[in-house]
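See below for the structure under consideration.
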Amino acid sequence: MNGRKLRILHCADLHLDSPFYGISDISPSLGSFLRKASFTAFENAVSHAIASKTDFFLVSGDIYDGEDRSVRAQVFFLEQLKRLSDAGIPSFIAAGNHDPLSGWEADRDLPPLAVRFGPDVGSSPLVTSDGKRVGTIHGYSFPVRNVEENIALRFAQRRGEGVNIAMLHCNAGGRKGHENYAPCSLDDLKSAGMDYWALGHVHTAEILCRTPLIAYPGIIQGRHVRESGEKGVYEVVLTMPSGSLPVSAAAEFVPCDAVRWRSEQLSISGMDRDEDFFQALDGLKEEARNDAGGRPVILRVSLSGRGRVNELLRRPGFLRGPGGLMDTLNTQEAERPDFVHTVGISDTTAPALDLEFLSAGEHFVGDFLKEVRSFTKRGDLRGGMMDILRERGLLEKIRQSGDVLERIESLSEDEVGELLDRCVFSTLSGLLEGETGL
């Protein structure tokens with residue numbers, strides 16, 4: 001048994017049957033696809049576990065989106081647990097605040113190899129498909145939605161022989177944007193003596209600690225623009241202790257999402273023709289499509305900057321409405337399995353600036369542009385930037401922040417020039433806001 005590797009798939013926050021937010025005026029076919037997305041993502045995770053011959057499958061809370069869970073979601077979840085059980089993979093479930101034990105569910109049996117923890121911290125043996133006990137798993141299910149106690153403290157002194165895994169739905173370290181249920185500190189988790197903490201509740205995948213390994217896999221399927229980027233599970237490999245060597249752990253993120261949210265910024269600065277804008281928008285869509293690895297994408301675009309394209313965007317009905325830009329973009333994508341569906345285009349662009357005219361003026365904007373021109377004529381933009389940081393006492397502060405200074409020093413002259421151009425236009429936008437006499 002010494003040195004044996006155990007493969008564990010850890011997921012959380014399935015939110016089965018959860019609606020997608022911020023989607024309106026979509027086609028019936030797309031609406032149906034999105035309603036199935038959370039189910040598809042979990043099915044993908046189970047399929048990956050079976051294909052990779054996972055030893056144990058963990059679900060750390062929020063299986064459902066609410067206490068009054070739908071029949072469809074309950075039936076589907078049990079079907080997936082049965083797939084795991086039929087493949088000889090034990091599964092362990094710890095309920096969270098969205099699916100507490102007090103919520104309604106049909107009185108049905110779990111599959112033979114499935115275990116759900118109760119309202120007290122419980123322990124269950126970890127037994128592999130060849131009948132060998134390799135350790136112990138500990139877990140806790142929320143009895144009700146609002147659990148404000150530090151449950152992590154209850155896991156202390158529970159360690160057994162072999163590998164020890166703990167499952168808990170909690171807010172570790174007081175993460176903002178998440179309700180403070182079962183609050184605990186990182187030290188509380190580390191001091192419990194576990195080899196792996198399989199957490200749930202936070203919707204962004206994150207490794208909190210490497211030794212012992214403590215992780216949030218994040219939500220398995222993004223539901224709105226604030227849950228953008230790839231979503232999935234952690235595949236964890238635990239190496240059994242060998243001689244004097246302790247248990248070692250490593251985690252790899254595995255995307256399982258069925259559709260991906262993405263937000264993009266597109267500046268019209270420097271675009272001389274309408275064609276430049278259309279090509280940039282097509283490029284942005286293709287980049288989103290490629291990054292998603294064949295998955296569909298729900299895209300939001302924010303337009304910014306100053307330039308001639310602003311005149312195009314100001315045309316009545318150009319962005320929205322029948323035959324407008326969004327309508328055209330989505331019609332082109334309708335039949336593609338890897339579609340990029342645009343659900344919003346926000347426009348904060350402004351007309352082009354006549355810098356020559358503005359710099360010749362006797363006003364603050366003119367003085368600002370004269371200073372910028374004087375700075376650029378000196379040459380050595382990178383050196384000039386470092387001089388400014390040094391004169392203002394910022395260089396030493398940056399030096400204390402680790403790799404930030406290294407990144408600044410690695411910038412090329414062209415990259416510094418590009419940053420300067422962005423700063424100039426950003427500053428001018430602020431200076432000219434509401435001004436009509438320049």
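None of these values were measured; they are calculated from a predicted model. All values below come from the heavy atoms of this structure, side chains included, with hydrogens, waters and symmetry mates left out.
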*Do Ser47 and Arg83 have a side chain donor and acceptor closer than 3.5 Å?*
yes
_Flag, side chain of Arg289 to backbone of Asp338, donor-acceptor distance under 3.5 Å_ = yes
*Within the distance-only criterion (no hydrogens, no angle test), does the side chain of Gln74 pair as donor or acceptor with the backbone N or O of Glu105 below 3.5 angstrom?*
no
_Quick one, Ser304 with Thr348, criterion side-chain hydrogen bond (donor to acceptor under 3.5 Å, both in side chains). Give me CA distance, side-chain angles, the key distance, then yes/no._
CA-CA 5 Å; Ser304 61; Thr348 59; 5.2 Å; no
*Would you please say whether a donor-acceptor pair under 3.5 Å links the side chains of Asn150 and Asp188?*
yes
*Would you kindly say whether Tyr196 and His10 are connected by a side-chain donor-acceptor distance under 3.5 Å?*
yes
*Between Gln221 (side chain) and Ala258 (backbone), is there a donor-acceptor pair under 3.5 Å?*
yes
*What orientation do Phe92 and Phe117 show, parallel under 30°, tilted 30 to 60°, or perpendicular over 60°?*
parallel
*Inter-residue atom distance Ile151.CD1 - Leu168.CG, 0.5 Å rounding*: 7.0 Å
*asked:* How about CD on Glu161, more than 12 heavy atoms from neighbouring residues, nucleotides or ligands closer than 6.0 Å, or not?
replied: no
*Any chance you could measure Leu303, atom CG, to Leu325, atom CG, to the nearest 0.5 Å?*
8.5 Å
*Can you see which heavy atom on Arg72 is nearest to which on Arg35, and at what distance?*
NH2-O, 4.2 Å
*Given the side-chain rings of Phe33 and Phe339, with only the six-membered ring counted for Trp, is the space between their centroids under 6.0 Å?*
yes
*Specify whether His15 and His98 have parallel, tilted or perpendicular ring planes, treating 30° as the upper limit for parallel and 60° as the lower limit for perpendicular.*
perpendicular
*More than 12 heavy atoms from other groups under 6.0 Å of CZ on Arg210*: no
_Arg262/Glu230 salt bridge by N-O under 4.0 Å criterion_ = no
*Mind checking the CD1-CG spacing from Ile298 to Leu34? Nearest 0.5 Å is all I need.*
5.0 Å
*Given side-chain contact (heavy atoms from CB on, under 4.5 Å), test Leu199 with Ser60 step by step and report yes or no.*
CA-CA 6 Å; Leu199 305 182; Ser60 298; 5.9 Å; no
*Drop me the distance from Arg390's CZ to Met385's CE, to the nearest 0.5 angstrom.*
10.5 Å
*Take His341 and Leu329, measure what side-chain contact (heavy atoms from CB on, under 4.5 Å) needs, and give me the verdict at the end.*
CA-CA 8 Å; His341 184 88; Leu329 291 174; over 6 Å; no
*Sole candidate of Val163, Val236, Thr211, Thr239 that passes side chain to side chain contact (heavy atoms under 4.5 Å, CB included) when paired with Asp195*: Val163
*Salt bridge flag under 4.0 Å for residues Arg69 and Asp99*: no
*Mind telling me whether Phe277 and Phe318 have parallel, tilted or perpendicular rings, with 30° and 60° as the class edges?*
tilted
*So do His169 and Phe142 actually touch side chain to side chain, heavy atoms under 4.5 Å?*
yes
*Is there side-chain contact between Leu299 and Leu284, with at least one heavy-atom pair below 4.5 Å?*
yes
*Could you tell me whether the side chain of Ile93 reaches within less than 4.5 Å of the side chain of Phe77, counting heavy atoms only?*
yes
*asked:* Pair Tyr234, Tyr216 - check ring pair (Phe, Tyr, Trp, His ring centres under 6.0 Å), show working.
replied: CA-CA 8 Å; Tyr234 272 127; Tyr216 283 112; 9.9 Å; no
*Near-ring test Phe155/Tyr140, centroid separation under 6.0 angstrom*: no
*Is there a donor-acceptor pair closer than 3.5 Å between any side-chain N or O of Thr342 and the backbone N or O of Gly344?*
no
*Flag the pair Ile137 / Phe56 as yes when at least one side-chain heavy-atom distance between them is below 4.5 Å, and no otherwise.*
no
*Kindly say whether Gly162 contributes a backbone atom to a donor-acceptor pair with the side chain of Asn164 at under 3.5 angstrom?*
yes
_Spatial distance of atom CD1 (Ile165) from atom CG (Leu213) [nearest 0.5 Å]_ = 10.0 Å
*asked:* Quick one, Val46 and Leu84 - any side-chain contact, counting heavy atoms below 4.5 Å?
replied: yes
_CD/Glu371: more than 12 non-hydrogen atoms of other groups inside 6.0 Å_ = no
*Does the distance from a Lys or Arg side-chain N to an Asp or Glu carboxylate O, for Glu235 and Arg7, drop under 4.0 Å?*
yes
*Heavy atoms only: give me the nearest Ala95-Leu101 pair and the separation to one decimal.*
CB-CD2, 4.4 Å
*asked:* For Val71 and Phe76: C-alpha separation, side-chain torsions, deciding distance, then whether side-chain contact (heavy atoms from CB on, under 4.5 Å) applies.
replied: CA-CA 8 Å; Val71 174; Phe76 174 80; over 6 Å; no
*Which atom of Arg108 lies closest to which atom of Leu78, heavy atoms considered*: NH1-CD1, 3.7 Å
_Run Asn180 and Glu148 through side-chain contact (heavy atoms from CB on, under 4.5 Å) and show every step you take._
CA-CA 7 Å; Asn180 205 28; Glu148 299 178 355; over 6 Å; no
*asked:* Given 3.5 Å as the limit, does a donor-acceptor pair link the side chain of Trp197 with the main chain of Leu189, or not?
replied: yes
*Going by atom types alone, do Ser18 and Ser38 pair a side-chain donor with an acceptor below 3.5 Å?*
no
*Shortest non-hydrogen contact from Leu238 to Ile8?*
CD1-CD1, 3.4 Å
*Would you check if Arg4 and Thr128 make a side-chain contact, meaning some heavy-atom pair closer than 4.5 Å?*
yes
*asked:* Under the criterion side-chain hydrogen bond (donor to acceptor under 3.5 Å, both in side chains), I'd like the reasoning laid out for Ser123 against Arg158: C-alpha separation, chi angles, the key distance, then a yes or no.
replied: CA-CA 8 Å; Ser123 302; Arg158 297 192 70 94; 3.1 Å; yes
*Identify whether the distance between the nearest side-chain nitrogen and carboxylate oxygen of Arg223 and Asp257 falls below 4.0 Å.*
no
_Value rounded to 0.5 Å, distance of CE in Met271 from CZ in Arg306_ = 16.0 Å
*Would you confirm whether Asp347, through its side chain, and Ser302, through its main-chain N or O, come within 3.5 Å as a donor-acceptor pair?*
no
*So, the side chain of Arg133 versus the backbone of Gly135: is there a donor-acceptor pair under 3.5 Å, distance only?*
yes
*Using a distance-only test with no angle check, is there a side-chain donor-acceptor pair under 3.5 angstrom linking Asn310 and Thr349?*
yes
*So does Lys285 pair up with Glu264, basic N to acidic O under 4.0 Å?*
no
*In terms of side-chain heavy atoms, does Ser228 have a donor or acceptor partner in Arg260 at a distance below 3.5 Å?*
no
*Thr40 side-chain N/O to Lys36 backbone N/O, donor-acceptor pair under 3.5 Å*: yes
_Ionic contact status for Glu79 with Lys82, cut-off 4.0 Å_ = no
*State whether a side-chain donor-acceptor pair under 3.5 Å links Asp187 with Ser185.*
no
*Taking atom types as modelled, find out whether Asp17 and Ser70 have a side-chain donor-acceptor pair closer than 3.5 angstrom.*
yes
_With no hydrogens and no angle check, just 3.5 Å: does a side-chain donor-acceptor pair link His201 and Asp13?_
no
